[in-house]
Number of protein chains: 2
Amino acid sequence: MPRRARGVYPWWHGRFRGFGHRITLGREAILDVLIKANKHLSAEDIYMKVHSVYPSVGLTTVYRTLEILVKLGIIYKFDFGDGRARYEIVKDPKGVDHHHHLICSNCNRVIDYTEFIDDEVELFKRTEEGLAKKYDFKITNHLIQFYGLCKECSGKNKGF
Amino acid sequence: MPRRARGVYPWWHGRFRGFGHRITLGREAILDVLIKANKHLSAEDIYMKVHSVYPSVGLTTVYRTLEILVKLGIIYKFDFGDGRARYEIVKDPKGVDHHHHLICSNCNRVIDYTEFIDDEVELFKRTEEGLAKKYDFKITNHLIQFYGLCKECSGKNKGF
DNA sequence: TTGTTAATGGAAACCATATTCAATAAGGAG
DNA sequence: CTCCTTATTGAATATGGTTTCCATTAACAA
């Protein structure tokens, strides 16, 4: 937890407090890990990193904090099909770091890609508007993932 | 399991046998349920339906069969975020039944939509080609889901 | 500083899915 | 049609990520 200049608070404190949540050491540490990692991490990944600095923070707190962060829209929760969820800090959809995922059905390797995002975002904007109107559904975000076989697996594995 | 005219086999038998799998009563019943349901079902949903007709078919067989069907590309497996997977028969991407999902973050209701699919298919064709080339990744399918608040939930629930 | 109440961690509970294993049956060979 | 090999099966049990319980601690408003 980097020391903070007097009276200067991280961007997310307002949103956090605004929903009635308290700022705690554990929560700061957890979000700090997500921000610094800048890639998808499992709850256990996060727990281990936080725990190495603050051994008093338990796995339960990690799960509870992640749940809040997801609901507040501060982080994303992904399912890559290997039985454990992954979490990732939300970036501006227009930002440089925004990406989607390629998932290998065989080895579960996950590749981030940033190409074609502009086209996708453009299409989604249109689709979202149409769907929101038709179903009276307030869309907050979308999930896009491609599945297939990665370079290593496509050679040896023929389906099953 | 409807009686079959002599020598006439369901479309999926060839693919099934081709991969060395045997055709069994349980497997026919399970796939039959998926075909007739024509919507996403959980393993338990499928188990109960099959079990009501063939009490001898166990939940284990349902899971094992679903795993094979997914690997053979005969059904899709979805995660809607409520902790249990859903399965759905694969239809031709150009077919009328092809659809994607709108998921309510609050009540977990899932809405199927078929609108705008053409645009998406078009975009994905381009994206898939580009990604396949760049990452040497053999894409077999994609997942798109929109998250947000449904009509019922958007009024009362403000985030958290 | 104090009081109210959210937050915490460790243990236990949960629950969907996976695995084990002996019994059974699909389907090719004869 | 029958036999034989071996995939498939169900029941019970294990697994493992996530959630809940509950007594204790600490955030922060007054």
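Given the structure is predicted, the values throughout are model-derived calculations rather than measurements. Keep in mind that the numbers below use all heavy atoms, side chains included, and drop hydrogens, waters and symmetry copies. Per chain, numbering begins at 1; letters A, B, ... match sequence-line order.
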Check for a donor-acceptor pair, side chain of [X] on one end and backbone N or O of [Y] on the other, with a separation under 3.5 Å.
X	Y	answer
A/Asp45	A/Ser42	yes
B/Arg27	B/His21	no
B/Thr65	B/Val62	no

Specify the separation, in whole Å, of atom [atom1] of [X] and atom [atom2] of [N].
X	N	atom1	atom2	result
A/Glu28	C/dT8	CD	P	11 Å
B/Arg86	C/dT17	CZ	C1'	14 Å
A/Glu67	D/dT18	CD	C1'	10 Å
B/Phe16	C/dG27	CZ	P	10 Å
B/His51	D/dA11	NE2	C1'	11 Å
A/Asp79	D/dT18	CG	P	10 Å
A/His13	D/dA27	NE2	C1'	12 Å
A/Arg17	D/dC28	CZ	P	5 Å

Q. Starting at the 5' end of DNA chain D, which residue's closest nucleotide do you reach first, B/Gly20 or B/Tyr47?
A.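 Its nearest nucleotide lies further toward 5', so the answer is B/Gly20.
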(Q) Nearest heavy atom decides the nucleotide; on that basis, is A/Thr60 or A/Glu44 closer to the 5' end of DNA chain D? (A)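 Of the two residues, A/Glu44 wins.
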Among the candidates [options], find the nucleotide nearest to the side-chain atoms of [X].
X	options	result
A/Ala43	D/dT18, C/dT17, C/dG27	D/dT18
B/Tyr63	C/dA18, C/dT4, C/dG10	C/dA18
B/Arg27	C/dT8, D/dG17, D/dT9	D/dT9
A/Arg22	C/dG10, D/dT9, D/dC28	D/dC28
B/His21	D/dT8, D/dT18, C/dA7	D/dT8

Q: Output yes when at least one side-chain N/O atom of B/Thr24 is less than 4.0 Å from OP1 or OP2 of D/dT9, else no.
A: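 Checking B/Thr24 against D/dT9: at least one side-chain N or O falls below 4.0 Å of OP1 or OP2.
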(Q) Using side-chain heavy atoms (C-beta onward) and a distance below 4.5 Å, is B/Val110 in contact with B/Leu102? (A)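 Heavy-atom side-chain distance check fails, nothing below 4.5 Å.
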Q) Does B/Gln145 reach the side chain of B/His100, with side-chain heavy atoms less than 4.5 Å apart? A)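 No. Closest side-chain heavy atoms not under 4.5 Å.
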Q | Closest-nucleotide ordering on DNA chain C, the 5'-leading residue of B/Arg64 and B/Ala85 | A |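 Checking each residue's closest nucleotide, the 5'-ward one belongs to B/Ala85.
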(Q) Students often get this wrong, so: under 4.0 angstrom with heavy atoms, is A/Ser42 touching a base, only sugar-phosphate, or nothing? (A)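 Contact class for A/Ser42: none.
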